[in-house]
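We use all heavy atoms of the structure for the numbers below, so side chains are in, but hydrogens, waters and symmetry mates are not.
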Amino acid sequence: MKLIGSNTSPYARRIRMWAAAKQLPMSYQHIDIFSEAGHDELIRHNPARKIPFLVDDAQLICDSNLIVRYLREKHQLPFPSWDQENWLILINACNDSLVELLLSKRSGFDIEQDKLFFNLQRERIGHTLHYLNEECVTEEFLHCDYLQISLYCLIDWVLFRELVDLSDYTNLMAFHGRWQSQAIAQQTDPRN
């Protein structure tokens, strides 16, 4: 079983961290999706051209949420509650909007423009981060390891890419500080 992704992808990182914490037998392969060879491999495995994806013999799983669902089923691990699933969807929505802004910026667009697309992304990011700042301290949130890892990877990716000033989100920053010192977070740090 092999996870293929990018070292800087928060989606790949969260699966790597969670699988390591659960001691799941899974190898990891980094690809540079912007290189010719990496792009070719991405196209060969995932028509949506997204990372990460999981290859398990003949089974191919092309989405981070489905990868974790597949691993939970395969290894008979418990599933999160509906509230925990909803929080995960919010983390993903925020992360997706941040990726859209980063790609737009790298494409030469002024993402600070008063344009519908950019306004919607910034609005989603701001409201979601505010909501997660309040929810990340609740008991149910803290009882889901994958949810915590996913939030940590989002926050750390935002800091790594310098996309949003998080200084006003005190709970998120404290949450990040608690996770940052863990060995698995340091081993998967995209800055290394």
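One hydrophobic cluster holds both Y131 and L88 under the rule that ILVMFWY side chains link at heavy-atom gaps under 4.5 Å. One hydrophobic cluster, built from ILVMFWY side chains closer than 4.5 Å, cannot hold both I43 and I4; they sit in different ones.
Atom CD of Q23 sits in a sparse spot, with 12 or fewer heavy atoms from other residues, nucleotides or ligands closer than 6.0 Å. Summarising the local packing, NZ of K115 is surrounded by 12 or fewer heavy atoms from other residues, nucleotides or ligands at distances under 6.0 Å. No more than 12 heavy-atom neighbours from other residues, nucleotides or ligands sit within 6.0 angstrom of CZ on F109. The neighbour count for H130 NE2, taken as heavy atoms of other residues, nucleotides or ligands under 6.0 Å away, does not exceed 12.
Atom CG in L151 sits 12.0 Å away from atom OH in Y146 (nearest 0.5 Å).
Residues Q84 and L147 approach most closely at O-CD1, 3.8 Å, considering heavy atoms. In this structure, H143 and E139 approach most closely via the heavy-atom pair ND1-O, 2.7 Å. Closest of all the heavy-atom pairs between M26 and A19 is CE-CB, 3.4 Å. Nearest heavy-atom pair, W87 versus E135, reported as atom, atom and distance to 0.1 Å: CZ2-OE1, 3.1 Å. When all heavy atoms of C144 and P80 are compared, the pair lying nearest together is SG-CB, 4.1 Å. Of all the heavy atoms in N133 and C136, the pair that sits closest is O-SG, 3.7 Å.
Y169 places none of its side-chain heavy atoms less than 4.5 Å from the side chain of V158. Proximity of L3 to Q29: side-chain heavy atoms (C-beta onward) are nowhere separated by under 4.5 Å. In this structure, the side chains of I33 and S6 stay at 4.5 Å or more apart for every pair of heavy atoms. For the pair D114/N119, a side-chain contact is recorded, criterion being any heavy-atom separation below 4.5 Å from C-beta on. Here the side chains of W157 and P190 are not in contact, with every heavy-atom distance at 4.5 Å or above. In this structure, E100 and L102 have side chains that are not in contact, with every pair of non-hydrogen atoms separated by 4.5 Å or more. Within the 4.5 Å cutoff, the side chain of D56 has heavy atoms near those of the K74 side chain. Side-chain atoms of S64 and R69, non-hydrogen and from C-beta on, never get closer than 4.5 Å to each other.
Judged by distance alone, with hydrogens and angles left aside, the side-chain atoms of R13 form no donor-acceptor pair with the main-chain N or O of S150 at under 3.5 Å. A donor-acceptor pair is defined here as one N or O able to donate and one able to accept, closer than 3.5 Å; such a pair exists between the side chain of H30 and the backbone of N7. Of the possible donor and acceptor atoms, none in the side chain of S9 sits under 3.5 Å from a partner among the backbone N and O of G5. Distance alone, capped at 3.5 Å, places no donor-acceptor pair between the E123 side chain and the L120 backbone.
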Please report, to 0.1 Å, the donor-acceptor pairs under 3.5 Å made by any side chain of residues 91-99, with sequence neighbours excluded.
unit_1 : atom_1 : unit_2 : atom_2 : d
N92    : OD1    : R14    : NH1    : 2.7
N92    : OD1    : R14    : NH2    : 3.0
N92    : ND2    : N65    : OD1    : 3.1
D96    : OD1    : Y11    : OH     : 2.4
S97    : OG     : A93    : O      : 3.4
S97    : OG     : Q121   : OE1    : 2.7
S97    : OG     : R124   : NH1    : 3.0

Pair up each side-chain donor or acceptor in residues 172-180 with any protein partner under 3.5 Å, not counting sequence neighbours, and list the distances.
unit_1 : atom_1 : unit_2 : atom_2 : d
H176   : NE2    : D156   : OD1    : 2.7
W179   : NE1    : Q148   : OE1    : 3.2

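Residue pairs meeting the salt bridge (charged side-chain N to carboxylate O under 4.0 Å, His left out) criterion with at least one partner in residues 19-46, sequence neighbours excluded, are K22-D145.
The aromatic rings of H45 and F53 sit parallel to each other, their planes meeting at less than 30°, with 60° as the upper class boundary.
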Apply the test side chain to side chain contact (heavy atoms under 4.5 Å, CB included) to residues I31 and H39: give CA-CA distance (whole Å), side-chain angles for both, the deciding distance (0.1 Å), then the verdict.
CA-CA 8 Å; I31 61 170; H39 189 71; over 6 Å; no

Could you check K105 against D110 for salt bridge (charged side-chain N to carboxylate O under 4.0 Å, His left out), going step by step and ending with a plain yes or no?
CA-CA 6 Å; K105 186 175 182 178; D110 177 4; over 6 Å; no

Audit row: V164, L129, side chain to side chain contact (heavy atoms under 4.5 Å, CB included) steps and yes/no
CA-CA 10 Å; V164 177; L129 289 174; 4.0 Å; yes

Please walk me through it: do I67 and L71 pass side chain to side chain contact (heavy atoms under 4.5 Å, CB included)?
CA-CA 6 Å; I67 292 169; L71 294 172; 4.0 Å; yes

Could you please spell out the steps behind the side chain to side chain contact (heavy atoms under 4.5 Å, CB included) verdict for I149 and I184?
CA-CA 10 Å; I149 289 168; I184 191 62; over 6 Å; no

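S81 and D83 share no donor-acceptor pair across their side chains, judged by distance under 3.5 Å alone.
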